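Shown next, in structure tokens, is the structure this report addresses.
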Amino acid sequence: MKIIVTDSVAEEAINLLKEKHEVLFKELRGEELAKEIGEYDAIMVRSATKLTKEIIENAKNLKVIGRAGIGVDNIDVKTASEKGIYVVNSPGGSTRSVAELTIGHMLSLARHIPYADRSIREGKWEKKKLKGIELSGKKLGIIGFGRIGKEVCKLSKAFEMECMAYDPIVSDEEIKKYNVNPVSLEELLRNSDFITIHTPLTEKTRHMISYEQFDIMKKNAYIINCARGGIIDEDALYDALKDEKIAGAALDVYENEPYEGKLTELENIVFTPHLGASTKEGQIRAGTICAEQILKVLDGKEPDFWVNRDLMKSY
Ligand code: NAD
């Protein structure tokens with residue numbers, strides 16, 4: 001069968017697909033993709049390819065869409081489900097990578113590492129201005145205690161941080177198993193020194209952190225979002241940082257990417273361009289898990305990570 005890969009994925013994943021099928025790597029987008037997709041039985045993407053309704057409607061032979069990663073907001077899952085096309089992904093493949101970036105952002109904020117680097121390049125030696133804090137003994141509030149939230153918690157224990165978590169879906173018993181205090185969102189926001197977000201972007205989580213939430217955070221709090229843009233209201237974040245309602249923020253994800261907004265005017269914020277899953281190891285894991293799912297579907301088997309299982313069954 002014929003498979004097209006339209007975003008750069010690990011070579012290991014492509015080789016796995018090639019063992020059984022004909023594979024073409026071509027970064028097709030929009031109309032071009034809509035024209036050519038009809039030829040293929042499977043497509044593998046990351047987040048750059050947008051699989052819109054129009055493109056999916058042209059996919060006459062398509063049996064499966066594979067997302068090497070987790071988020072499927074770039075795929076019209078409803079249209080795929082209506083057409084009986086499986087949508088599969090690779091949850092867990094990038095968990096460790098995202099968790100390590102989160103810890104990296106916490107250290108960057110606590111010790112002003114990106115600012116210090118810029119300052120030296122500008123010929124300055126701002127030793128006094130750049131006194132930091134230790135992570136040790138600080139309270140870490142984790143919003144969303146799923147795979148990545150749990151991994152961040154595990155890593156934070158090496159720094160002797162004290163964790164609390166807010167997750168309305170995970171039971172208190174489950175959270176307590178990790179020696180973590182289950183709390184309400186309000187309690188977490190009021191008491192955390194570091195707040196880190198690890199929920200999906202849904203109607204409930206969109207702008208879950210906005211003006212009201214920044215108002216109750218500690219003045220010395222830092223907030224980190226390595227989950228999805230839009231969970232933090234960027235206008236509210238701008239005001240909170242400008243008015244020093246909180247000490248700082250670090251973002252890996254943005255409401256619109258690439259990010260071009262006014263937050264770059266501020267100094268108490270650290271940016272990365274959606275690098276959470278961008279590690280060699282993470283890409284190999286995410287790519288190969290996704291390739292295995294595609295192969296299962298093409299072999300007529302049920303995939304393990306089937307995003308539209310319920311939706312497809314309802315059509
Ligand atoms: P997961 O599904 O394992 O965990 C998400 C958790 O969020 C679940 O425990 C769920 O119960 C919880 N949750 C859902 N709604 C909530 C709400 N309203 N309030 C609080 N908690 C809520 O997912 P994961 O693998 O841990 O991924 C977490 C996030 O990280 C996702 O948004 C994912 O897209 C993102 N991600 C980002 C990158 C990146 O490059 N920065 C890479 C991979 C994943």
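Below, all heavy atoms of this structure are taken into account, side chains as well, without hydrogens, waters or symmetry copies. Just follow the structure's listing: the first ligand is 1, and inside any ligand the first atom is 1. This one's a predicted model, so the numbers in the text were calculated from it and none came from an experiment.
- Heavy atoms of other residues, nucleotides or ligands lying less than 6.0 angstrom from NZ of K124 number more than 12.
- Ranked by closest heavy atom to atom 27 (O) of ligand 1, the top entry among V170, I148, T102 is I148.
- The protein heavy-atom contact nearest to atom 42 (C) of ligand 1 is V98 CG2, 3.3 Å.
- Of the possible donor and acceptor atoms, one in the side chain of N225 sits under 3.5 Å from a partner among the backbone N and O of R228.
- In this structure, the protein non-hydrogen atom closest to atom 20 (C) of ligand 1 is P168 CD, 3.2 Å.
- Side-chain contact check for E265 and Y238: at least one donor-acceptor pair (N or O, by modelled atom type) lies under 3.5 Å.
- Nearest protein heavy-atom contact of atom 35 (C) of ligand 1 is A227 O, 3.4 Å.
- Under a 3.5 Å cut-off, the side chain of N220 and the backbone N or O of A247 do not form any donor-acceptor pair.
- Among protein heavy atoms, the minimum distance from atom 4 (O) of ligand 1 is reached at G146 CA, 3.3 Å.
- Side chain to side chain, K157 and Y178 fail the donor-acceptor criterion of an N or O pair below 3.5 Å.
- Remark: minimum distance from atom 40 (O) of ligand 1 to any protein heavy atom is reached at H274 CD2, 3.0 Å.
- Atoms of ligand 1 lying under 4.0 Å from any heavy atom of I70, numbered from 1 in the order shown and given with element: 25 (O), 44 (C).
- Taking distance alone, with nitrogen or oxygen atoms compared against 3.5 Å, A277 approaches ligand 1 more closely than that limit.
- Every atom of ligand 1 with a heavy atom of C226 under 4.0 Å away is listed here by number and element: 37 (C), 38 (C), 39 (C), 41 (N).
- The protein heavy atom nearest to atom 31 (C) of ligand 1 is T199 O, 3.6 Å.
- Between atom 6 (C) of ligand 1 and the options R46, H198, M208, the minimum heavy-atom separation is to H198.
- Annotation: D167 places an N or O atom under 3.5 Å from an N or O atom of ligand 1; distance criterion only.
- For atom 18 (N) of ligand 1, the nearest non-hydrogen atom of the protein is T205 CG2, 3.4 Å.
- Shown in contact with D252 at under 4.0 Å from a heavy atom are these atoms of ligand 1, numbered in order with element: 39 (C), 40 (O), 41 (N).
- Shown here is K262, whose NZ atom has more than 12 heavy atoms of other residues, nucleotides or ligands within 6.0 Å.
- By the 6.0 Å contact criterion, CD on E12 is enclosed, its count of non-hydrogen atoms from other residues, nucleotides or ligands being greater than 12.
- Using modelled atom types, one finds no donor on one side chain facing an acceptor on the other under 3.5 Å when comparing E302 with Y86.
- Not one N or O on the side chain of Q293 forms a donor-acceptor pair closer than 3.5 Å with the backbone of W306.
- Just one residue in the list I197, I224, I232, T272 forms a side chain to side chain contact (heavy atoms under 4.5 Å, CB included) with L251, and that residue is I232.
- The 12-atom threshold is not exceeded at CD of E134, counting heavy atoms of other residues, nucleotides or ligands nearer than 6.0 Å.
- Which parts of ligand 1 touch I169 is read off a 4.0 Å heavy-atom cut-off, strictly below it: atoms 11 (O), 14 (C), 15 (N).
- Here the protein heavy atom with the shortest distance to atom 1 (P) of ligand 1 is R147 NH2, 3.6 Å.
- Under 4.0 Å from ligand 1, heavy atoms of P200 appear from its side chain as well as its backbone.
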